[in-house]
Protein chains: 2
Amino acid sequence: MTSGATEERRIAGRGLDRAAVLAAALRSIDRNGAQRLTMRGLGQQLGVQAMSLYRYVSGREDVLEGVVASLLDGLVDRVDPQLSSTWQGYLQTLAHTIRAVAIDHPNAFPLVATRHPAAPWLRPPLRSLEVVDHFLVTLGRFGFNDDQVVQVYRSFSSFLLGHLLLEASLHGGETSPVEEPIDEGDAHFPSSDGTLELPPGSEVLRLQSKLSEDHGHEEFEMSLETLLDRLELGVTQ
Amino acid sequence: MTSGATEERRIAGRGLDRAAVLAAALRSIDRNGAQRLTMRGLGQQLGVQAMSLYRYVSGREDVLEGVVASLLDGLVDRVDPQLSSTWQGYLQTLAHTIRAVAIDHPNAFPLVATRHPAAPWLRPPLRSLEVVDHFLVTLGRFGFNDDQVVQVYRSFSSFLLGHLLLEASLHGGETSPVEEPIDEGDAHFPSSDGTLELPPGSEVLRLQSKLSEDHGHEEFEMSLETLLDRLELGVTQ
DNA sequence: ACCTGAACACCGTTCAAGT
DNA sequence: ACCTGAACACCGTTCAAGT
């Protein structure tokens, strides 16, 4: 071990920087959800007092925004270049890449999906200038004109948002505190084990098991195919 | 004024009850967003101390869940019975009824869309036993079999979630505090007036005005038509 | 340069006490 | 029955002070 290396480590202190703070925040959100992320807890997780974090982030809001950015960062480098030789293939690999984020971070994805977009042209879940620009440029190269590019961008983002947020909210939710609403006649009745008690004879009760099946993957693939088919018609007609 | 009426008013006290608390909470969320809803502020709005609210709600979480329920409450009575004579018409009027909720309460709709569903068969934004049951029963009456009903339910909810949350997040957002992230080279650059500064030459910059147009209504109508067409094919084939 | 102690102005929630 | 004062255990954030 050279004294240079030691020096380097000592200069770096605990090695704390913005990326490390955001990484720790993401881990915490993955475990407990964004609601339970506190600056004090985040500091503790990094072996430091909460106040130290303000050297790297401007506050809790900046942490959350930074986590969103870190999830989308470098996303365009993860799309499959092989598949990107057609616009259909590009949209497919891009969709799958973003879906991977939602599946890997179901508790963080709602942030990507619902935080107020910084600009109207940053439609969730494509909340990244880098991603949106790549999208627009790529479709333009495939021969879409401006109106078509924008139209595809709109349908594509709505499609992703609906499917991925739904999938994330079914997967996520972790150990949510079982809350008993105060009894008020017509409310639904969460029973003591946290599951909803269904009124006898209701259609939901009869179809309960079928409704509870998880077909996230097939649903996504089928709807993506349908979207591409529809776009294809819109382009060639 | 009879002494009976006075008595009645006095017995009712400030007329506080669960519905009044939830209504005040919704008004507050409409103005300031759910994040800024506090029990203390809610009490103040009702002329009462925060602790008094705990007589009607079990806590802040219960308030938020109650607001969601109140938004969806009685929704099935607001669908147009004329249009409900065909399943296509039913899905259309139901979709429009739910869209009205999203448009009227853009700051509250993210709650409907993203709070962890109480059960896997309560897919956001259809987070209400009443609505889902009505949906399943009605489609069954129109001749869909169990598998078809469930499939339609899945596509319909994904469609609504994607379009309405996107529309709500563009409309909502109110007076968000302008947050400056700490400078870190590769981040995007929010300029002093809160708008994002676009890199020169980027495709987003060139298409900025087209991307910023609001076509929420047409988009919704067109995608709804497309969905219905697709379902029609799935049913008759 | 990096971290912290102390402090400020808040939170949600409980509970015994008031009327 | 309905409301509250006081208290507890937290928050995010600032800033002067330490090393």
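Order of the sequence lines fixes the chain letters, A, B, ..., with proteins taken first and strands second; residue numbering starts at 1 for each chain.
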Could you tell me how far apart [X] ([atom1]) and [N] ([atom2]) are, to the nearest whole angstrom?
| X | N | atom1 | atom2 | answer |
| --- | --- | --- | --- | --- |
| A:Leu42 | D:dT13 | CG | P | 12 Å |
| B:Gln49 | C:dG18 | CD | C1' | 14 Å |
| A:Arg40 | C:dC3 | CZ | P | 18 Å |
| B:Arg55 | C:dT14 | CZ | C1' | 13 Å |
| A:Gln44 | D:dC10 | CD | P | 11 Å |
| B:Arg60 | C:dC11 | CZ | P | 11 Å |
| B:Gln35 | D:dG12 | CD | P | 12 Å |
| B:Tyr54 | D:dC8 | OH | C1' | 13 Å |

Query raised in the report: Does C:dA6 have a Watson-Crick or wobble partner in any strand here, with both distances under 3.5 angstrom, and which is it?
Result: D:dT14

Report task. Tell which nucleotide pairs with C:dT19, taking only Watson-Crick or G-U wobble pairs whose two distances are both under 3.5 angstrom. Result ->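 Result: D:dA1.
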
**Report entry** Contact under 4.0 Å: B:Tyr56 side-chain N or O vs D:dC3 OP1/OP2
**Finding:** yes

Report task. Return no unless some side-chain N or O of A:Ser52 is found under 4.0 Å from OP1 or OP2 of C:dT4. Result ->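 Checking C:dT4 against A:Ser52, a side-chain N or O does come within under 4.0 Å of OP1 or OP2.
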
Query raised in the report: The side chain of A:Val48 lies closest to which of these nucleotides: C:dC11, D:dC3, C:dT4?
Result: C:dT4

Query raised in the report: Parallel, tilted or perpendicular: which describes the rings of B:His163 and B:Phe220, with under 30° parallel and over 60° perpendicular?
Result: perpendicular

Query raised in the report: More than 12 non-hydrogen atoms from neighbouring residues, nucleotides or ligands closer than 6.0 Å to CD on A:Gln45, yes or no?
Result: yes

Query raised in the report: Take atom NE2 in B:His215; do more than 12 heavy atoms of anything else shown fall under 6.0 Å from it?
Result: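 Enclosed: over 12 neighbouring heavy atoms sit under 6.0 Å from NE2 of B:His215.
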
Report summary line: Paired with A:Glu65, the salt bridge (charged side-chain N to carboxylate O under 4.0 Å, His left out) test is passed by just one of A:Arg18, A:Arg127, A:Arg60, namely A:Arg127

**Report entry** Any side-chain donor near an acceptor of the partner, A:Arg123 and A:Ser158, under 3.5 Å
**Finding:**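 A donor-acceptor contact under 3.5 Å links the two side chains.
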
Query raised in the report: So what does A:Met39 touch, heavy atoms closer than 4.0 Å: a base, only the sugar-phosphate, or nothing?
Result: sugar-phosphate

